[in-house]
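In the text below, chain A, chain B and the rest are named by the order of the sequence lines, each starting its count at 1. These figures come from a predicted structure and were not determined experimentally.
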Amino acid sequence: MEYSVAPEKQYWLMKSEPNTYSIDDLKRDRTTYWSGVRNYQARNFMRDQMRVGDGVFFYHSNVEPVGIAGIAEVIKTGYPDHTAWDPKNKYYDPQSLSSQPVWFMVDLRFKKACREVITLKRLKEIPALKSMMVLRKGNRLSITPVTPEEWEIITRLPEWS
DNA sequence: GCCAACGTTGGC
DNA sequence: GCCAACGTTGGC
C-alpha cells in the first residue's frame, strides 16, 4: 500500500512584457497558456516542476513601472508549446517536433491584480528579499522559483489591498 | 535608446 | 571542449 503525500505548494515568478501580455489581459481572459518560453532553464521549470495549484507572481518587465503586478495560479502542468510548430509564429522552432517537442508551457488562471504594482525598486529595499532570484544582478531568467518565505512577505505588502 | 549580463552557436 | 562572436533580455 502506498500513501501519497499532499505535495507542498510551490511558488514562482513569471515575467511578461505587458505590451505583449499584461495582468489586465489575464484578468480579462481569466486563463491563459504561457507560450513562447525559449530558454531551457525556464522550460524545465514548466515541464518538470510546476504543479497544479502553484502560486505565481505575474511580473511586468520592460515597462514603467517594472515589478510584480498580480497573482496567478497554475491550473495545468507542462505540455508541448504548440506555437513552436507554427512557421508563421514568432516563436516557431523547427527543432521542436510534435513527436518530440522541445518547448513546453503551462496554463494559468487569474487570481488577483495589485492595487499598485510592487516595483522592483521597492522589492530591493526589503532586506528579507535580498537573495530573491529575480533581484539578482544580471538575472534574465523569465521564470524563477520563489520561496514560501518570499511569497509570504510579498503577499502581505499593502499594495494588494 | 543604451548597454551589461547572459545564453547560444559554431569554428577550431 | 574551448571560447569568440553573436543575439537577446531587461533595467535604466
Encode nucleotides 5-12 of chain C as B, S and - characters from 5' to 3', where the letter depends on protein heavy atoms closer than 4.0 Å: B to the base, S only to sugar-phosphate, - to neither. --BBBBBS
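- Each of A/Gln95 and A/Gly138 was assigned the nucleotide of DNA chain B with the nearest heavy atom; the assignment lying further toward the 5' end belongs to A/Gly138.
- Applying the ring-ring contact (aromatic ring centres under 6.0 Å, His included) rule to A/Trp85 yields no partners; only residues at least two apart in sequence or on another chain are considered.
- Residues passing the salt bridge (Lys or Arg N to Asp or Glu O under 4.0 Å) test with A/Arg51: none are found, sequence neighbours excluded.
- Looking at residues two or more places apart in sequence or on another chain, you find a side-chain hydrogen bond (donor to acceptor under 3.5 Å, both in side chains) between A/Tyr79 and A/Asp107.
- With sequence neighbours excluded, the residues satisfying ring-ring contact (aromatic ring centres under 6.0 Å, His included) with A/Tyr40 are A/Trp103.
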Check residues 26-34 of chain A and write down every donor-acceptor pair under 3.5 Å in which the side-chain atom is one partner and the other belongs to a residue at least two apart or another chain.
unit_1: A/Arg28; atom_1: NH1; unit_2: A/Asp25; atom_2: OD1; d: 3.2
unit_1: A/Asp29; atom_1: OD2; unit_2: A/Tyr21; atom_2: OH; d: 2.6

